[in-house]
K.L.:
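Once you've had a glance at the structure underneath, I'll fire off some questions.
Order of listing sets the numbers, starting from 1, for every ligand and every atom in it. As the structure is a prediction and not an experimental result, all values here were calculated from the model.
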Amino acid sequence: MIRLDNLLYGVQPRATRQAVVVPPPWDGRLIGPVVTDSREVTPGSLFVALAGERTDGHRFLPDVVARGAAAALVSPVTLAALAPDLAAAARPWRLIEPTESALLANVPPEACLLIAVDDPLQALQRAAVYHRRMFTPTVIGITGSVGKTSTKEVVAAVVSQRLRTLKSQRSFNSDVTLPATLLGLTADHQVAVLEMGMWAAGEIRFLAALARPHIGIVTNVGPSHLERLGSIEAIANAKAELPESLPAEGWCILNADDPRVAAMATRTPARVLTYGYAPHADVRVTDVISYGLYGIELTVVYQGAQHRLRTPLIGKHHAYTALAAIAAGLVLGLDWEAIAAGLRAPGEQLRLRVVQSQTGVTIIDDTYNAAPLSTIAALNVLAETPGRRIAVLGEMLELGAATEEGHRQVGAAAAQTADWLVAVGRQAQTMAEAALAAGMPPDRVAICPDNESAIDLLNQMIRSGDCLLIKGSRGVQMETIVAALQA
Ligand code: ATP
Ligand code: MG
């Protein structure tokens, strides 16, 4: 939530900002949350009209007004071009320049304020920077190729045991959703846990400039986004922008087992705390026991003392998620009781979901997204389940030059972990060949050109007691397979 006077001040370009005094009936008005999808507007929201690839938010302003938005950031030029029918909107509205706050005295309190700005996205970002500077929470930024959302959820679960915590919703990690999250800061928050994503070099530096984190966590560096960045070194450099942006009195929390991440220790002004299996890791895990779909138990050594911790996170790879959260708790001075309690109750937004179908089949639904590292981790979870283990794997997108190699790795891993491989989509052949080369019997490897043929095949072959792992990139919509099998 942001106060209207702060919003009208914050959206102005910094060099030419003019003071804002909001008269009654608008003084003290709180606006939020920020939304960019008109369908998510609820009474009181701040809508930001953005130009997307397919459409432009300005088109939906009549709906935004009707749904009760308190205000919207709009470009008046685009508004005139794209929302001519706004005049007939179901509710009063008023287009107002941020510097014209005195005029609000004559605007009915139930009206929707359309705040005229040059560029709604930049205005949102400026407002977020201004809003952020009014408060003094400890900000934790989290980046890495895989595990950002998982880590964000578990860090927030740990920290919120003792401190009032704001966290990014879902996978909100972009130059749109991170500022939107920042506008949710209030004086009450002691900590903000923010996911930071990356599409191009410079983006993490930009997000860090908005959020000004004191603590940075880098989970790992892998080939996700190789297509856009060109090389794994370029990806590592882009992730290193978070450590580089931290202050000297801050903390940089690094995965000691990923050499590219560990090397970032020399690139940060902040103090460094490392985690992992490596003997020199500051927060060291010595033993991980997996209870399959019931979670993991880990033994952690810190400053010579040993701690045993349980978490319902599924898969041994989540030892890293837990370690990052433990490290964050430690630098914030939390006691081990709080850390253990947080690990036992991680957030609900973790993606690997276990579904029991009515026909007695267990489905590990990890269809949100896929990269080689996370797919191999998920296969290792499948390996520990009872019954016939069937890996249903779709294409992993955006791997660029690592596309073939990535799918080969995954196919070979399937041969080690699953009884059956159902390879789906454009890379099915590559995955299947790698599985056969790794010794999987030919009658247990199937190639399906698309999701529909995979559904047909699975409907014929699955029986009660089977366990399926279904995973693929966001773009190949493997969730349609989960839905079809559940129906
Ligand atoms: P996105 O870039 O899509 O926002 P993310 O970085 O937020 O992804 P998560 O959503 O936390 O990543 O996890 C993505 C997948 O990777 C999940 O399947 C998760 O179980 C798996 N995963 C998480 N941490 C690790 C890890 N350390 N090693 C391997 N796999 C992991
Ligand atoms: Mg995420």
K.L.:
Which of the atoms of ligand 1 are close to Ala377, meaning less than 4.0 Å from one of its heavy atoms?
P.N.:
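Here the atoms of ligand 1 in question are 29 (C), 30 (N).
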K.L.:
Taking the Mg ion (ligand 2) as the reference point, name the nearest N/O/S atom of Glu195.
P.N.:
OE2
K.L.:
Does Lys471, backbone or side chain, put an N or O under 3.5 Å from an N or O of ligand 1?
P.N.:
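Yes, at least one N or O pair falls under 3.5 Å.
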K.L.:
Would you say that more than 12 heavy atoms from the other residues, nucleotides or ligands in this model lie under 6.0 Å from the OH of Tyr291, or not?
P.N.:
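Yes, because the 6.0 Å sphere around OH of Tyr291 holds more than 12 heavy atoms from other groups.
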K.L.:
With a 4.0 Å heavy-atom cut-off (strictly under), which part of His318 contacts ligand 1: side chain, backbone, both or neither?
P.N.:
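Contact part for His318 vs ligand 1: side chain (C-beta onward).
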K.L.:
Using heavy atoms and a 4.0 Å limit, tell me yes or no: is Ser145 in contact with ligand 1?
P.N.:
yes
K.L.:
Apply side-chain hydrogen bond (donor to acceptor under 3.5 Å, both in side chains) to residues Asp365 and Thr367 and explain how you reach the verdict.
P.N.:
CA-CA 6 Å; Asp365 171 6; Thr367 54; 2.7 Å; yes
K.L.:
Consider every N or O of Asp366 and every N or O of ligand 1, then say whether any pair is closer than 3.5 Å.
P.N.:
yes
K.L.:
Any atom of ligand 1 sitting under 4.0 Å from a heavy atom of Asn369?
P.N.:
yes
K.L.:
What do the steps show when you test Ser453 against Asp456 for side-chain hydrogen bond (donor to acceptor under 3.5 Å, both in side chains), and what is the final call?
P.N.:
CA-CA 5 Å; Ser453 53; Asp456 290 342; over 6 Å; no
K.L.:
Which ligand 1 atoms are under 4.0 Å away from a heavy-atom of Asn173?
P.N.:
4 (O)
K.L.:
So among Asp257, Thr219, Asn220, which one has a side-chain hydrogen bond (donor to acceptor under 3.5 Å, both in side chains) with Tyr320?
P.N.:
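Checked Asp257, Thr219, Asn220 against Tyr320; only one passes side-chain hydrogen bond (donor to acceptor under 3.5 Å, both in side chains): Asp257.
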K.L.:
So if I apply the side-chain hydrogen bond (donor to acceptor under 3.5 Å, both in side chains) rule between Glu195 and each of Ser168, Ser150, Ser171, which one comes out positive?
P.N.:
Ser171
K.L.:
As a check for students: among Ala319, Ser174, Gly147, identify the option with a heavy atom nearest to atom 23 (C) of ligand 1.
P.N.:
Gly147
K.L.:
Nearest to atom 27 (N) of ligand 1 by heavy atom, Glu195, His317, Glu153: which?
P.N.:
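Of the listed residues, His317 has the closest heavy atom.
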K.L.:
Any N/O/S atom from Ser171 (main chain or side chain) under 2.8 Å of the Mg ion (ligand 2)?
P.N.:
yes
K.L.:
Would a distance-only check, ignoring hydrogens and angles, find a side-chain to backbone donor-acceptor pair under 3.5 Å from His189 to Pro137?
P.N.:
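No, because the side chain of His189 does not come within donor-acceptor range (under 3.5 Å) of the backbone of Pro137.
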K.L.:
Cation-pi check for Tyr368 against Arg474: NZ or CZ below 6.0 Å from the six-membered ring centre and within 45 degrees of the axis, yes or no?
P.N.:
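Judged by the rule (NZ or CZ under 6.0 Å from the ring centre, within 45° of its axis), Arg474 counts as positioned above Tyr368.
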K.L.:
Could you measure the distance from the CD atom of Glu241 to the CD atom of Glu203? Nearest 0.5 Å is fine.
P.N.:
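Nearest 0.5 Å value for the CD-CD distance: 9.0 Å.
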K.L.:
Can you tell me if an N/O/S atom from Thr149 lies under 2.8 Å from the Mg ion (ligand 2)?
P.N.:
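Yes, Thr149 qualifies, because one of its backbone or side-chain N, O or S atoms lies under 2.8 Å.
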K.L.:
Of the side chain and backbone of Ser374, name the one, both, or neither that has a heavy atom under 4.0 Å from an atom of ligand 1.
P.N.:
both
K.L.:
How long is the gap from CD on Gln427 to CE on Met396, to the nearest 0.5 Å?
P.N.:
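The CD atom of Gln427 sits 8.0 Å away from the CE atom of Met396.
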